[in-house]
Amino acid sequence: MSEYERSRTMPDLPEHVFDQASVVSWFSSWLPDELHVRPEDPPAVAVHEDRTGLDAPALLHADRERMRLEWGALEGGSGYTGWLQVAPYDTGASEVTIHLAFSDRRHDPGEEAALGALDRSLARLEEQVRLRAENAG
């Protein structure tokens, strides 16, 4: 199994960051450009990957009390699982950690690609959080 993880400080309260990260219809604003998530019958979602052109069924669970998202592919346990955790960092700031695990090497994009995608996703999420905070203020 391959696992990858990245963290980043966000310029807003944990509750606000979690709100931004957990709305499925806003995922495209921070996920990698090649992934698209469409809500289905909760907790089910469909994940479309441009590289393969396929939709894959997945589950997504949002736990607001713990400020944690958890997800995973449904098909035979072969793909991936992951989580996003928002935690208080400093006065008025948060730390967001994203973790991915690939149980099947055929689905693992490799360390460089996975960590790059996590870094870009966290940067995009930070930008969305920053824009939301500026527009609210």
Could I get the full list of salt bridge (charged side-chain N to carboxylate O under 4.0 Å, His left out) partners for Glu127, not counting sequence neighbours? none

Quick one, Trp26 and Asp19 - any side-chain contact, counting heavy atoms below 4.5 Å? no

Excluding sequence neighbours, so at least two apart, what forms side-chain hydrogen bond (donor to acceptor under 3.5 Å, both in side chains) with Arg124? Asp33

Main-chain N/O of Phe102 paired with Glu3 side-chain donor or acceptor, under 3.5 Å: no

Given the rule that I, L, V, M, F, W and Y join up when any side-chain heavy atoms are under 4.5 Å apart, are Leu31 and Trp71 in one cluster? yes

Tell me whether Leu69 shares a hydrophobic cluster with Leu13, the cluster being built from Ile, Leu, Val, Met, Phe, Trp, Tyr side chains joined at under 4.5 Å. no

Give the minimum heavy-atom separation between Ala114 and Pro109, together with the two atoms involved. CB-CG, 4.0 Å

Could you list the residues that satisfy ring pair (Phe, Tyr, Trp, His ring centres under 6.0 Å) with Tyr89, not counting sequence neighbours? none

Considering non-hydrogen atoms only, spot the tightest contact between Trp30 and Ile98 and give its length. CZ3-CD1, 4.0 Å

The ring pair (Phe, Tyr, Trp, His ring centres under 6.0 Å) partners of His61 (sequence neighbours excluded) come to none

Is it possible for you to say whether Trp83 and Val17 belong to one hydrophobic cluster, with membership spreading through side-chain heavy-atom contacts below 4.5 Å? no

Salt bridge (charged side-chain N to carboxylate O under 4.0 Å, His left out) involving Arg38 - partner list, sequence neighbours excluded: Glu40, Asp55

Any chance you could lay out the side-chain contact (heavy atoms from CB on, under 4.5 Å) test for Val129 and Leu125, step after step, and finish with the verdict? CA-CA 6 Å; Val129 167; Leu125 179 57; 4.2 Å; yes

With side-chain contact (heavy atoms from CB on, under 4.5 Å) as the test, would you mind laying out the steps for Val45 and Leu59 before giving the verdict? CA-CA 6 Å; Val45 295; Leu59 293 178; over 6 Å; no

May I ask you to check whether Asp108 and Tyr4 show a side-chain donor-acceptor distance below 3.5 Å? yes

Enumerate the residue pairs fulfilling side-chain hydrogen bond (donor to acceptor under 3.5 Å, both in side chains) with a member in residues 5-15, sequence neighbours excluded, ordered by first and then second residue. Glu5-His99, Arg6-Asp119, Ser7-Thr97, Arg8-Glu126, Asp12-His16

Are Phe18 and Arg66 close enough that some pair of their side-chain heavy atoms sits under 4.5 Å apart? no

Do the side chains of Arg68 and Glu70 get close enough for a salt bridge, i.e. N-O under 4.0 angstrom? yes

Just how far is it from atom CZ of Phe27 to atom CG of Leu60, taken to the nearest 0.5 Å? 4.5 Å

Nearest heavy atoms of Leu122 and Met10, plus distance in Å: O-CE, 3.4 Å

Contact summary for Ala21 and Leu84, nearest pair of heavy atoms: CB-CD2, 4.2 Å

Using every non-hydrogen atom in the two residues, find where Ala117 and Pro32 come nearest and quote the distance to one decimal. CB-CG, 4.1 Å

With rounding to the nearest 0.5 Å, note down the distance linking CG in Leu100 to OG1 in Thr81. 8.0 Å

